[in-house]
Colleague: 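First, the structure itself, so that you have it in front of you.
We name chains A, B, ... by the order of the sequence lines, and we start the count at 1 in each one.
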Protein chains: 2
Amino acid sequence: MTDAFGSDDQQIIHGDCIELLAEMPAESVDVCFADPPYNLQLQNELYRPNRSRVDGVEDGWDQFDSMHAYDQFTAAWLTAVRRVLKPNGTLWVIGSYHNIFRVGRILMDLGFWILNDIVWIKSNPMPNFRGVRFTNAHETLIWAVRDKERKDYTFNYEHMKQYNDGKQMRSDWFIREGICSGFERLRDAEGKKLHSTQKPEAILRMVVEASTNPGDLVLDPFVGSGTTAAVCKKLGRRCIGIDANEDYVQIARKRLAAIQPALWLEEPGEAAAGE
Amino acid sequence: MTDAFGSDDQQIIHGDCIELLAEMPAESVDVCFADPPYNLQLQNELYRPNRSRVDGVEDGWDQFDSMHAYDQFTAAWLTAVRRVLKPNGTLWVIGSYHNIFRVGRILMDLGFWILNDIVWIKSNPMPNFRGVRFTNAHETLIWAVRDKERKDYTFNYEHMKQYNDGKQMRSDWFIREGICSGFERLRDAEGKKLHSTQKPEAILRMVVEASTNPGDLVLDPFVGSGTTAAVCKKLGRRCIGIDANEDYVQIARKRLAAIQPALWLEEPGEAAAGE
DNA sequence: GGTTGCTTTGAATCTCGGT
DNA sequence: GACCGAGATTCAAAGCAAC
């Protein structure tokens, strides 16, 4: 099985995901996992409806304009993803209350059919230091099939039972690793984290094991530090990862090169217990 | 403290919530808790593996002609609620993936500022009988302040610590009582449930204790079986509950009449442990 | 009175193939 | 697309009867 996957089965491509997706063949992707940007202010990247980058301060955008621009951006990439997804392919999107309601509403309107919303419950969330809200201890994932009428999407129901004591897996996922810290976190020579929102591999492992089979093609339009591609390589899935940031592309490629193909493919239960 | 609250401090009113809210004075409500129709869109009947039929939500109030009609309905009641809320008042809405993304998006667009999204995690959810999705084991609440710039909304930060071993309360709520069954569930003489979606008092207790003080005015535009009003009476909060269904109004009024005012107000910690 | 085991049920977008 | 029959499919908590 391992030999079936060559070094090109996981690719990291630099560029604008909407442009690159337009060049891909339609209905060719089994699953898309997307971790879209949502804190536009912190990233200093606001998007106009035509997706040109603007300076939010000098343009004096108010909340509505900013939200509208985010909606346009969201609809654009979701539409592009929808075209390349197989009709029975599924989409995963992760987000927080800042963006997940907008993303969820838009993907419903585009025709995606929600299968589940999943809550990733963190064991070590960042506290609310000022004590003015509840600790934000979870993030939300939406799982949706491209075409409502397709019931033959991939869901490895029996396989996922191992993550809930042999009973059917629930929509609340307690990930022991919590937020990404410790040895898994990619850091530079000075110990500075290389990506601000690196997701734990455990999350992607659940996603990939639940909704794909070995050899399937996974698309990540916002690959960031490359967690999706890394997990795909370990699980023997093909992957196309895209990022507009050249630095992230280099980080993800380097990370990928150090991974042994199909590392987790042999004994998933044992490997899961041993980590 | 108990004597300060008379029998009219919690009222159940029959009528259309949008019309009734229009007659209320503006900026007079401290907190709104809303459990709107989820628009479940159930298609076929569902049977358990033992061939018994699932008694789903088939009520007329959950039927909408289209997604657009649901959005319009949502925007209308949220707008009406917004007018009667104090500028530093907060709004709670509960929902599932069927509706919460639409509701969340709309309330953001109306100017509400989300403080937290909360996940109510159920200890005993209904399983996914066909094994085609993850067990839907949670529902989502959105907590938002009316005006973004108001930082003086009520949040009883220290009080809520008791529900998380003395540490700051998190956004994931494990409610021991789980789904509303057993003695708490209101039933008629034949044992048939009086309301198809009665919420556990434990949820409302968390909501009311977190975001109101004794004497505050709570509004519930979809009062249903009257859980919000019941909890408000036990916690010494005033409450206006509205429902368009005359039967539900009678059920809620009867339920309210049997409750001792401020029952839970004396020793919250002890009461919580003893139930 | 306490324990055991069977029955019931809960906001659910829950199949597939042939005619 | 509608209808029908075969076939595959469930977890925790509460209620209740039996012992």
Colleague: Pairs under 3.5 angstrom, nitrogen or oxygen only, protein versus nucleotides 9-12 of chain C, please.
Modeller:
residue: C/dG10; atom: OP2; partner: B/Lys193; partner atom: NZ; Å: 2.8
residue: C/dG10; atom: O5'; partner: B/Lys193; partner atom: NZ; Å: 3.3
residue: C/dG10; atom: N7; partner: B/Arg48; partner atom: NH2; Å: 2.6
residue: C/dG10; atom: O6; partner: B/Arg48; partner atom: NE; Å: 3.0
residue: C/dG10; atom: N2; partner: B/Asn124; partner atom: O; Å: 3.4
residue: C/dG10; atom: N2; partner: B/Pro125; partner atom: O; Å: 3.2
residue: C/dA11; atom: OP2; partner: B/Arg185; partner atom: NH1; Å: 2.7
residue: C/dA11; atom: N7; partner: B/Lys199; partner atom: NZ; Å: 3.0
residue: C/dA11; atom: N6; partner: B/Asp35; partner atom: OD1; Å: 3.4
residue: C/dA11; atom: N6; partner: B/Pro36; partner atom: O; Å: 3.0
residue: C/dA11; atom: N1; partner: B/Tyr38; partner atom: N; Å: 3.0
residue: C/dA12; atom: N6; partner: B/Asn44; partner atom: O; Å: 3.4
residue: C/dA12; atom: N1; partner: B/Asn44; partner atom: O; Å: 2.9

Colleague: When the distance from CH2 of A/Trp113 to C1' of C/dC14 is rounded to whole Å, what number comes out?
Modeller: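 Roughly 12 Å, once rounded to whole Å.
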Colleague: Quantified in whole Å, what is the C1' atom distance between nucleotide D/dG7 and nucleotide C/dG18?
Modeller: 14 Å
Colleague: Tell me, which of residues 240-256 of chain B have any heavy atom that sits under 4.0 Å from an atom in DNA chain D?
Modeller: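 Output list: empty, so none.
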Colleague: List the residues meeting salt bridge (charged side-chain N to carboxylate O under 4.0 Å, His left out) with B/Asp117, not counting sequence neighbours, and say none if there are none.
Modeller: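 Checked B/Asp117 against salt bridge (charged side-chain N to carboxylate O under 4.0 Å, His left out); zero matches.
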Colleague: Between C1' on C/dT13 and CZ on B/Phe101, what's the gap in Å once rounded to a whole number?
Modeller: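 Nearest whole value for this atom pair: 13 Å.
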Colleague: Got a sec: does the CG of B/Asp65 have more than 12 other heavy atoms crowding it under 6.0 Å?
Modeller: no
Colleague: Please lay out, stage by stage, how A/Ile121 and B/Ile121 fare under the test side chain to side chain contact (heavy atoms under 4.5 Å, CB included).
Modeller: CA-CA 10 Å; A/Ile121 297 168; B/Ile121 296 168; 3.1 Å; yes
Colleague: Name the nucleic acid region contacted by B/Tyr47, choosing base, sugar-phosphate or nothing; use a 4.0 angstrom heavy-atom cut-off, strictly under.
Modeller: nothing
Colleague: I want to verify the glycosidic state of C/dT7; is it syn or anti under the 90° rule?
Modeller: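 Anti, angle beyond 90° from zero.
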Colleague: Please report the distance separating the C1' of C/dA11 from the corresponding atom of D/dG5, rounded so that it comes out in whole Å.
Modeller: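 Going atom to atom, C1' in each nucleotide, I get 30 Å.
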Colleague: Of all residues at least two apart in sequence or in a different chain, which pass the ring pair (Phe, Tyr, Trp, His ring centres under 6.0 Å) check with A/Tyr153?
Modeller: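 So A/Tyr153 forms a ring pair (Phe, Tyr, Trp, His ring centres under 6.0 Å) with A/Trp143.
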Colleague: Not counting sequence neighbours, which residues clear ring pair (Phe, Tyr, Trp, His ring centres under 6.0 Å) with B/Phe174? List them please.
Modeller: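 B/Phe174: ring pair (Phe, Tyr, Trp, His ring centres under 6.0 Å) contacts with A/Phe174.
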Colleague: I'd like to know if B/Arg255 and B/Glu201 make a salt bridge, using a cut-off of under 4.0 Å between side-chain N and carboxylate O.
Modeller: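 Yes, B/Arg255 and B/Glu201 are salt-bridged.
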Colleague: So with a 6.0 Å cut-off around NZ of B/Lys254, is the heavy-atom count from everything else above 12?
Modeller: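 No, because the 6.0 Å sphere around NZ of B/Lys254 holds 12 heavy atoms or fewer from other groups.
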Colleague: For A/Ile114, answer base if it contacts any base atom (sugar-phosphate contacts may also be present), sugar-phosphate if it contacts only those atoms, and nothing otherwise; contact means non-hydrogen atoms under 4.0 Å.
Modeller: base
Colleague: For DNA chain C, what is the dot-bracket line, given that a base pair needs Watson-Crick (N1 to N3, plus N6-O4 or O6-N4) or G-U wobble (N1-O2 and O6-N3) geometry with both distances under 3.5 Å, and | means paired with another strand?
Modeller: .|||||||||....|||||
Colleague: If the C1' atom of D/dA17 is compared with that of C/dG1, how far apart are they to the nearest Å?
Modeller: 15 Å
Colleague: When the C1' atoms of D/dT10 and C/dT7 are considered, how many whole Å apart are they?
Modeller: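 Each nucleotide's C1' atom is 15 Å from the other's.
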Colleague: With sequence neighbours left out, which residue pairs that include part of residues 87-114 of chain A fulfil the salt bridge (Lys or Arg N to Asp or Glu O under 4.0 Å) condition?
Modeller: A/Asp71-A/Arg102, A/Arg102-B/Asp109, A/Arg105-A/Asp109, A/Arg105-B/Asp71, A/Asp109-B/Arg102
Colleague: Kindly write out the residues that satisfy salt bridge (charged side-chain N to carboxylate O under 4.0 Å, His left out) with B/Asp247, not counting sequence neighbours, or none if the list is empty.
Modeller: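 Counting only residues at least two positions away or on another chain, B/Asp247 forms no salt bridge (charged side-chain N to carboxylate O under 4.0 Å, His left out).
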Colleague: Write down the distance between CZ (B/Phe183) and C1' (D/dC16), rounded to a whole number of angstrom.
Modeller: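 Going from CZ in B/Phe183 over to C1' in D/dC16 covers 17 Å.
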Colleague: Between A/Phe101 and B/Phe101, how do the two ring planes meet: parallel, tilted or perpendicular, split at 30° and 60°?
Modeller: tilted
Colleague: P atom, C/dG10 versus D/dA8: distance in rounded Å?
Modeller: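 Between the two P atoms, the distance is 28 Å.
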Colleague: Side chains of A/His159 and A/Glu209 only: does a donor on one sit below 3.5 Å from an acceptor on the other?
Modeller: yes
Colleague: For B/His14, which residues count as a ring pair (Phe, Tyr, Trp, His ring centres under 6.0 Å) partner, sequence neighbours excluded?
Modeller: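 For B/His14 there are no ring pair (Phe, Tyr, Trp, His ring centres under 6.0 Å) partners, ignoring immediate neighbours.
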Colleague: Salt bridge or not for B/Asp165 and B/Lys167, using N-O below 4.0 Å?
Modeller: no
Colleague: Please report the distance, rounded to the nearest Å, between CZ in B/Phe134 and P in C/dT13.
Modeller: 14 Å
Colleague: Between the side chains of B/His68 and B/Ser66, is a donor N or O closer than 3.5 angstrom to an acceptor N or O?
Modeller: no
Colleague: Name the pairs: protein N/O against N/O of nucleotides 3-7 of chain D, kept only if under 3.5 Å.
Modeller:
residue: D/dG7; atom: N2; partner: B/Arg130; partner atom: NH2; Å: 3.2

Colleague: Can you check the A/Met169 CE to D/dT10 P distance for me, whole Å?
Modeller: 16 Å
Colleague: Atom NZ of A/Lys161 and atom C1' of D/dC11: how far apart are they, to the nearest Å?
Modeller: 11 Å
Colleague: Do you see a donor-acceptor pair shorter than 3.5 Å between the side chains of B/Tyr38 and B/Glu139?
Modeller: yes
Colleague: By nearest nucleotide on DNA chain D, pick out whichever of B/Gly131 and A/Lys167 is the more 5' one.
Modeller: B/Gly131
Colleague: State which residues pass ring pair (Phe, Tyr, Trp, His ring centres under 6.0 Å) with B/Trp173; sequence neighbours excluded, sorted by chain then number.
Modeller: A/Phe134, B/Trp92
Colleague: In whole angstroms, how far is the P atom of C/dT8 from the CZ atom of B/Arg53?
Modeller: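 That distance rounds to 16 Å.
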Colleague: Reckon A/Tyr157 touches a base, only the sugar-phosphate, or nothing at all at heavy-atom distances under 4.0 Å?
Modeller: sugar-phosphate
Colleague: Does the side chain of B/Arg185 come under 3.5 Å of the side chain of B/Ser225 through a donor N or O and an acceptor N or O?
Modeller: no
Colleague: Please tabulate the protein-to-nucleotide N/O contacts below 3.5 Å involving nucleotides 17-19 of chain C, giving atom names and distances.
Modeller:
none

Colleague: Can you check the B/Asn128 CG to D/dA12 C1' distance for me, whole Å?
Modeller: 16 Å
